[in-house]
Amino acid sequence: SLTSRVDKTSYFSNGFSYHFQSECRYSSEDLKDLEYISRYIYNKLEYIRYNSTLNKFIGYTEHGVKNAERFNKDGSADQAHTDVDGYCRHNAELYFKNILWHTVEPSVEVLSVKSGSQRHSTMLVCSAYDFYPEGIKLTWLRDGKEVKTDVTSTEELYDGDWYHQIHSYLELTPTSGETIACQVEHSSLPKPKIYNWDPSMSDGDRNKVIIGTSGLVLGLILSLAGVIYYKKKSTGDN
Ligand SMILES: *[C@@H]1O[C@H](CO)[C@@H](O)[C@H](O)[C@H]1NC(C)=O
């Protein structure tokens, strides 16, 4: 649902407060009912309001009525009316384009984790990270068929930075040759996207391989450097 946008400016002097507030009100994206309201408030009392639907200032106190009449005659109302397009429509369209209609595709991984269950050997997790906006559907597919049993999921978790994440778990005993996949549906994707589980390696195994390989490469570089240093030193001495 859409809400109106409100900007406020306040001044204080000698203990009195002066407040100016402008609002852009609309209930749909086509902006058919777009209305610009500005309120003039003195010590919490609204004494003049401009309403773009009427294209008029309305006074609420004696002083307000007097000034509203003047504003309606001297062209201030027409001047204020230009803010319907120049301020409200302009900002609303920026808001729709940059925030409301904006989507970010999740980054998804399907991994095996340690299973706590007695019945099944394997637990898979399908994690979708950093998607926007909220509203995602993860479905487990076993050879293309939806799996509904032994599935649990977290809620959509808010990261605190506009993005969300979710994790869906599937407990199973895999049989060889079958394909297990996680299907993702989100407003950023024109059609559902399918991520297959690669059973050849678990995440833990992959990390071990990466660390082991790094260690091996580092060891080779150091021993090579040692050999070169030794050779240089021994030829230099002669
Ligand atoms: C502005 O005027 C229209 C027409 O009289 C009215 O329907 C609307 O409620 C007014 N808006 C405000 C915020 O006063």
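When a ligand or atom number is given, it counts from 1 through the structure's own listing order.
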Looking only at protein heavy atoms, what sits closest to atom 13 (C) of ligand 1 is Ile37 CD1, 3.5 Å
Closest to atom 12 (C) of ligand 1 by heavy-atom distance, out of Asn51, Leu54, Asn55, is Asn51
The protein heavy atom nearest to atom 14 (O) of ligand 1 is Arg49 NH1, 2.8 Å
Between the OG atom in Ser153 and the OH atom in Tyr169, the distance rounded to the nearest 0.5 Å is 8.5 Å
of all protein heavy atoms, closest to atom 7 (O) of ligand 1 is Glu35 OE2, 4.9 Å
Residues passing the salt bridge (Lys or Arg N to Asp or Glu O under 4.0 Å) test with Glu171, sequence neighbours excluded, are none
Worksheet item: So, for Tyr129 and His167, is the gap between ring centers shorter than 6.0 Å?
Response: yes
(Q) I'd like to know whether ligand 1 has Glu23 as a neighbour, heavy-atom separation below 4.0 Å. (A) no
- Query: Any protein heavy atom under 4.0 Å from atom 9 (O) of ligand 1?
  - Reply: no
Pair up each side-chain donor or acceptor in residues 223-230 with any protein partner under 3.5 Å, not counting sequence neighbours, and list the distances.
unit_1, atom_1, unit_2, atom_2, d
Ser223, OG, Gly219, O, 2.9
Ser223, OG, Leu220, O, 3.1

- Item | Side-chain heavy-atom pair Tyr158, Tyr163 within 4.5 angstrom cut-off | no
